[in-house]
Amino acid sequence: MDILYKSTRGGGKPVTASEAILKGLADDGGLFVPERIPAFDRKPEEFAGLTYAETAYEVMKLYLTDYTEEELKDCIARAYDDKFDTEKIAPMAEAAGAFYLELFHGATIAFKDMALSILPHLMTTAAKKNHISNEIVILTATSGDTGKAALAGFAGVEGTRIIVFYPKSGVSPIQERQMVTQKGDNTFVVGIRGNFDDAQSGVKRIFSDHELRERLATRGFQFSSANSINIGRLVPQIVYYVYAYASLLGEGRIKSGEEINFVVPTGNFGNILAAYYARAMGLPIRRLICASNENKVLFDFFSSGIYDRNREFVLTSSPSMDILISSNLERLIYRIAGEDGAKNRAFMESLAAEGTYTIDDTMRKELEIFYGGYADGRETAERIREVCEKTGYVMDTHTAVASAVYEKYRRETNDTTKTVIVSTASPFKFTKSVMEAVDPSCKETDDFALADALAGLSGLRVPRAVEEIRNAPIVHDHVCGIPEMADMVCGFLGM
C-alpha cells in the first residue's frame, strides 16, 4: 500500500515520497511526515544475514513506495559502494561496556554520509519520475558535517546546484577546510557571521519567500534541501538502527526480540528521530538516550516539557551539536500531539515569536521512551581519555558526549540493557580536542600535524578524507551577514 506524505502543520494535500524529497520543505513551512509509519514485513532475525545495501532496500521500500524496485536498488548501489572504507559500511566496536556503531567510514568521515550518499540519487530519480525540467538548487545550513557530506554528494551531479551556509567561527578547522576546498562548478559555500541557528533560520526564510521562488521558477530553478528536514535524509537513517540490531543478533550478542538501548549525540534531532521511527516500525528498542552538550535545550525539554531556546549559545568541542533550534523535533511534537497540524503549528509559531513552547502532560507521557542527559566539555574530554586509557578505543567529541551521558544513565538507573552508542564522527575530524584529551603534553597546533600525532598514538591511519584536503587549495572564501544570504543565493544563480 502506497504511503503519502503530509505537512506537520496541516496545510496542503498529501504528496508522494518522490515529491516530498524534491520539495524538501512543505509549502506551509512544515516538515513532511508519512501518513502512517509502516511495520516491518519481516522479523528482526531475518535481517541478520543481510548486507547493509540489502537492509537499506528492505527498510526504504516501505517508505519510498512510488520508487520502483529497480530505481531504489540502483540508488542504493550507487550510494553504498567503495566510498566507504569498510566492507560492512557501519561496523560495530565494543568498548567500556557498550557497543559503538561507527557511522564515520564514508567519504567525509561523519555520519551524514550514511544518508547524503544516497540523497542525490533519490532526488535526481525523483526529478525524472515527476518530469521536472528545472535545475534543482539544494539550499543547506550546516553545523559542520552536513555541509561537506552534501557537497560531496551533489558535486558534479547533473541538473543540480548546491549552496551551503555554515557559521564562520562555529566549526572545527578540519570541517571548514573540507567545505572551502570543495571542487565542482555546481557548488557554492558561504560562511555566515552568526551561529548555526542563524544559518538554519536564514535558509528557512529563503524557502518561505514565495516571491523569490517565483523568480527562480521563471529562470528555470527550484529549491530543495539536503538538511535533515528533507524526508529523503531521514528515511535512510532508519536503516543503520535496523542494521545495528541485526548485527548484534547475527553475532549472538542478543536474542531475537531482546530489547536494546541506543544513545545518540543530538543537535537537530534527526538522528535520534530515525531511531524513534525504527522503534515504531517494530524494532525492539527499550530506551532512546538523547545526549546533549552544554547547549542542553533538549535535555531541559525532556526534563520539563518546556522547549526554550532563550539562552546563551555556547561554542563547544562538539560543534555539530551546537544548536538551540532542533528542527526535527517538530516531527516528534506533531506525532505526540495526535498528528494535530493546528496544535503543532501553534507550538512552532510560539517558538518563532517567543522562543519557547510548553507541551501538556498527555504529550509528556508519550516521551517516556526518551531519557535526556548532557555532558560538558570537561566531562567530554575526561571520557575520551578514560576510554582510550582503559581500552585503547579513541572516539571523537560528539561520541564522547554520548558515552559520558550513557555512564550517567547507567549509574542513575542501574539499567543493564545492552546498549549501542551511535558514533557520529571520526576522531580525526576534531583532532585538537581529541589530542588535548588523550595527550595533554602534545605541543602541535596545526590540525594536520595533530592528525599525524593522533595516528601515531592510536595506531589508526589518517583517513583519506583528511589527506585529500591537507594541501588542497581554497576554492570558496565567501562570507556574509544573515540579511545578505538571499543575495548570495541570487548571485550564485546569476539572478
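For clarity, every value in this text was computed on a predicted model and none was experimentally measured.
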Can you tell if the side chain of [X] reaches within under 4.5 Å of the side chain of [Y], non-hydrogen atoms only?
X: Phe32; Y: Glu19; result: no
X: Arg177; Y: Ile174; result: no
X: Tyr63; Y: Pro34; result: yes
X: Phe301; Y: Ile333; result: yes
X: Phe428; Y: Leu454; result: yes
X: Val189; Y: His478; result: no
X: Met60; Y: Leu72; result: yes
X: Ile272; Y: Phe262; result: no

Hey, are [Y] and [X] close enough side-chain-wise for a donor-acceptor pair under 3.5 Å?
X: Lys129; Y: Thr16; answer: no
X: Asp145; Y: Gln178; answer: no
X: Gln175; Y: Ser320; answer: yes
X: Asp322; Y: Asn195; answer: no
X: Ser403; Y: Tyr100; answer: yes
X: Ser423; Y: Thr399; answer: yes
X: Ser225; Y: Asn230; answer: no

message = With side chain to side chain contact (heavy atoms under 4.5 Å, CB included) as the criterion, how do Asn271 and Tyr241 come out once you've worked through the C-alpha distance, each side chain's angles and the decisive distance to 0.1 Å?
response = CA-CA 10 Å; Asn271 202 4; Tyr241 292 102; 3.0 Å; yes

Any sub-3.5 Å donor-acceptor pair from [X]'s side-chain atoms to [Y]'s backbone N or O?
X: Ser224; Y: Leu22; value: yes
X: Thr125; Y: Leu122; value: no
X: Asp197; Y: Ile325; value: yes
X: Asp396; Y: Ser426; value: no
X: Lys128; Y: Thr124; value: no
X: Asn134; Y: Ile136; value: no
X: Thr187; Y: Leu151; value: no
X: Asp113; Y: Ala107; value: yes
X: Asn328; Y: Ser228; value: yes
X: Arg213; Y: Phe207; value: yes

Return yes when atom [atom1] of [X] has more than 12 non-hydrogen atoms of other residues, nucleotides or ligands closer than 6.0 Å, and no otherwise.
X: Arg78; atom1: CZ; value: no
X: Lys432; atom1: NZ; value: no
X: Asp185; atom1: CG; value: no
X: Arg464; atom1: CZ; value: no
X: Tyr374; atom1: OH; value: no

request  = Working to the nearest 0.5 Å, report the span between CG of Asp447 and CD1 of Ile469.
outcome  =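 Rounded to the nearest 0.5 Å, the CG-CD1 separation comes out at 9.0 Å.
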
key: Chi angles and distances behind the salt bridge (charged side-chain N to carboxylate O under 4.0 Å, His left out) call for Arg470, Asp446   = CA-CA 11 Å; Arg470 191 185 288 263; Asp446 175 77; 5.8 Å; no

Distance-minimising heavy-atom pair for [X] and [Y]:
X: Pro463; Y: Ile109; result: CB-CG2, 3.8 Å
X: Glu312; Y: Asn295; result: O-OD1, 3.9 Å
X: Leu315; Y: Ser169; result: CD1-O, 3.9 Å
X: Arg309; Y: Leu324; result: CB-O, 3.6 Å
X: Leu298; Y: Gly267; result: CD1-O, 3.9 Å
X: Val297; Y: Ser326; result: CG1-OG, 4.3 Å

message = Under the side chain to side chain contact (heavy atoms under 4.5 Å, CB included) test against Tyr277, which residue among Val33, Leu283, Val235, Val59 passes?
response =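 With Tyr277 as partner, side chain to side chain contact (heavy atoms under 4.5 Å, CB included) holds for just one option, Val33.
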
message = Centroid separation under 6.0 Å, is that true for the rings of Phe347 and Tyr307?
response =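 Centroid distance Tyr307-Phe347: not below 6.0 Å, so no.
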
Ring center gap for Phe47 and Tyr245 short of 6.0 angstrom =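 Here the rings of Tyr245 and Phe47 have centres that are no less than 6.0 Å from each other.
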
Test log, rule side chain to side chain contact (heavy atoms under 4.5 Å, CB included), inputs Tyr334 and Met348 = CA-CA 10 Å; Tyr334 174 73; Met348 297 307 119; over 6 Å; no

inquiry  = For Lys73 and Glu69: C-alpha separation, side-chain torsions, deciding distance, then whether salt bridge (charged side-chain N to carboxylate O under 4.0 Å, His left out) applies.
reply    = CA-CA 6 Å; Lys73 285 185 174 179; Glu69 179 178 350; 2.7 Å; yes

request  = Would you mind telling me which of Lys429, Lys168, Lys148 makes a salt bridge (Lys or Arg N to Asp or Glu O under 4.0 Å) with Glu176?
outcome  =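 When Lys429, Lys168, Lys148 are each tested with Glu176, the salt bridge (Lys or Arg N to Asp or Glu O under 4.0 Å) holds only for Lys168.
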
query = Asn268 and Gln200: side-chain hydrogen bond (donor to acceptor under 3.5 Å, both in side chains), yes or no, with the steps?
reply = CA-CA 10 Å; Asn268 217 17; Gln200 182 168 248; 3.0 Å; yes

task = May I have the step-by-step check of side chain to side chain contact (heavy atoms under 4.5 Å, CB included) for Ser317 and Glu436, ending in yes or no?
result = CA-CA 11 Å; Ser317 62; Glu436 284 177 349; over 6 Å; no

ask   = Please walk me through it: do Arg383 and Glu379 pass salt bridge (charged side-chain N to carboxylate O under 4.0 Å, His left out)?
value = CA-CA 6 Å; Arg383 189 59 181 164; Glu379 292 169 319; over 6 Å; no

query = Has Arg161 got its NZ or CZ under 6.0 Å from the middle of the six-membered ring of Phe492, at an angle within 45 degrees of the ring axis?
reply =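 Arg161 over Phe492 ring: yes.
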
request  = May I ask you to check if Lys88 and Tyr52 form a cation-pi contact, with NZ or CZ under 6.0 angstrom from the six-membered ring centre and within 45° of the axis?
outcome  =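 No.
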
inquiry  = Please determine whether salt bridge (charged side-chain N to carboxylate O under 4.0 Å, His left out) holds for the pair Glu135 and Arg219, giving the CA-CA distance in whole Å, both sets of side-chain angles, and the decisive distance to 0.1 Å.
reply    = CA-CA 9 Å; Glu135 193 167 2; Arg219 300 292 294 270; over 6 Å; no

ask   = What's the verdict on ring pair (Phe, Tyr, Trp, His ring centres under 6.0 Å) for His398 and Phe430, showing C-alpha distance, side-chain angles and the deciding distance?
value = CA-CA 9 Å; His398 304 74; Phe430 305 93; 4.7 Å; yes

task = Kindly determine whether Val475 and Val180 satisfy side chain to side chain contact (heavy atoms under 4.5 Å, CB included), including the steps that lead there.
result = CA-CA 6 Å; Val475 178; Val180 299; over 6 Å; no

